[in-house]
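What's counted below: heavy atoms across the whole structure, side chains too, no hydrogens, waters or symmetry copies. By convention in this document, chain letters (A, B, ...) are assigned in the order of the sequence lines, proteins followed by strands, and residues within each chain are numbered from 1.
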2 protein chains.
Amino acid sequence: MPESEASSMLPPGLPPEFGVYFALLEVSALVEHGVVGQLRRDGDLSFVQFQILAILGEDRPSPLSMTDLADRLVHSKSGLTYQVGRLEQSGLVTRAPSSDDERGVEVRLTPEGAALLERVVPGHLEVVRGMLVEALDDTERERLTGLLGKVGKHLRARPPRSARGIAAAQPD
Amino acid sequence: MPESEASSMLPPGLPPEFGVYFALLEVSALVEHGVVGQLRRDGDLSFVQFQILAILGEDRPSPLSMTDLADRLVHSKSGLTYQVGRLEQSGLVTRAPSSDDERGVEVRLTPEGAALLERVVPGHLEVVRGMLVEALDDTERERLTGLLGKVGKHLRARPPRSARGIAAAQPD
DNA sequence: TGAAGGTAGTTCGAATTCGAAGGAGTTCTC
DNA sequence: GAGAACTCCTTCGAATTCGAACTACCTTCA
């Protein structure tokens, strides 16, 4: 098991440019695994729950709707309903019907939720630092961030369905 | 064009070096989402099932044990039992007790499994190419692969203290 | 040898996930 | 304004996931 480098875990017969795919999968899985452990230990939170709290805690006074949250996560709406309900049960968030739109729901962080977030975030950053930030020097890290950002932009600009042979050149 | 930061998705109040974390999470989630759709459409496979088949199809005549598989995936053992059982039901893999070690199980790809893999892989590579490979030019992609590889090596060399299957320090 | 401890997989129950279907509010169209 | 079409969110059932407990086998060591 501890033998593979990005290129060495490339299945034989595959063009080498796909090494980036396997390297990405492995790194993201390991990073996620690491933070999941920390969140469970320090705050008894799942990763999704933490992400919800973190988004809600983003120093934004106006509340978010469920759809806003679902857009920021890569989650299904039903799964989001479940997790927000769970956070509401725990007293970490509130749900209230939107005043503008009766079908909408405004999700807000409670003081308890904000406090939990503050208690968990330092350890979270510490774990992430140990896994990601310390793995590279400043130049490398900035380069990695930039490359991932470019890929992210490409992915976001990509139509989710029937996307084949669509022009790869995306104007900014 | 100094857009090498992911500041747009970095929550306010966080040191900028954590941009790499959020960029990684977003990209991996989007990529995974993309391939999940393709695998479901083209082969009615979940991502985990595909990963199992792909590992088994790695041109390796000698079979793998469940533990070998679990080490290559980031999965729990029980989840692996479930999925391999499911693949066995579908006739895509076989399970047989190991001759060396009676408690071990040798997992093998069946011809049907190999055929399904061959049917699914081209579309898979096409989707990955469209999402990842085409997002960058050759130099950038190689750089990204190298950086991810370096992070991966760092992560593998740094077992989180609660790691279960820490094999004894493997000398290089 | 034979008991103690370790390893390989499975089973079990609980939690989480998703997609599809449904209920309710909103917008569009005529 | 009435109805169709759409959006927001929840409910529902089925599938998947995990950790802990368990069985069976292997290895160590006295």
Legend entry - nucleotides 7-16 of chain D: protein proximity per nucleotide (B base, S sugar-phosphate only, - neither; heavy atom, under 4.0 Å): BSBBB---SS

Inset, instruction - Using heavy atoms to find the nearest nucleotide of DNA chain C for A/Ser76 and A/Ser99 separately, return the residue whose nucleotide is more 5′. - result: A/Ser76

Legend entry - Pairing residues for A/Gln51 by the side-chain hydrogen bond (donor to acceptor under 3.5 Å, both in side chains) criterion, not counting sequence neighbours: none

Compile the donor-acceptor pairs under 3.5 Å between side chains in residues 84-93 of chain A and protein atoms, sequence neighbours left out, one pair per line.
unit_1: A/Arg86; atom_1: NE; unit_2: A/Tyr82; atom_2: OH; d: 3.3
unit_1: A/Glu88; atom_1: OE1; unit_2: A/Arg95; atom_2: NE; d: 3.3
unit_1: A/Glu88; atom_1: OE1; unit_2: A/Arg95; atom_2: NH2; d: 3.0
unit_1: A/Ser90; atom_1: OG; unit_2: A/Arg86; atom_2: O; d: 3.1

Legend entry - Length of the CG-P vector between B/Leu64 and C/dG9, whole Å: 10 Å

Inset, instruction - Identify, with sequence neighbours excluded, every residue that meets side-chain hydrogen bond (donor to acceptor under 3.5 Å, both in side chains) alongside A/Ser65. - result: A/Asp68

Legend entry - All salt bridge (charged side-chain N to carboxylate O under 4.0 Å, His left out) counterparts of B/Glu140, not counting sequence neighbours: A/Lys150

Legend entry - Any residue meeting ring-ring contact (aromatic ring centres under 6.0 Å, His included) with A/His75, in chain and number order, not counting sequence neighbours: none

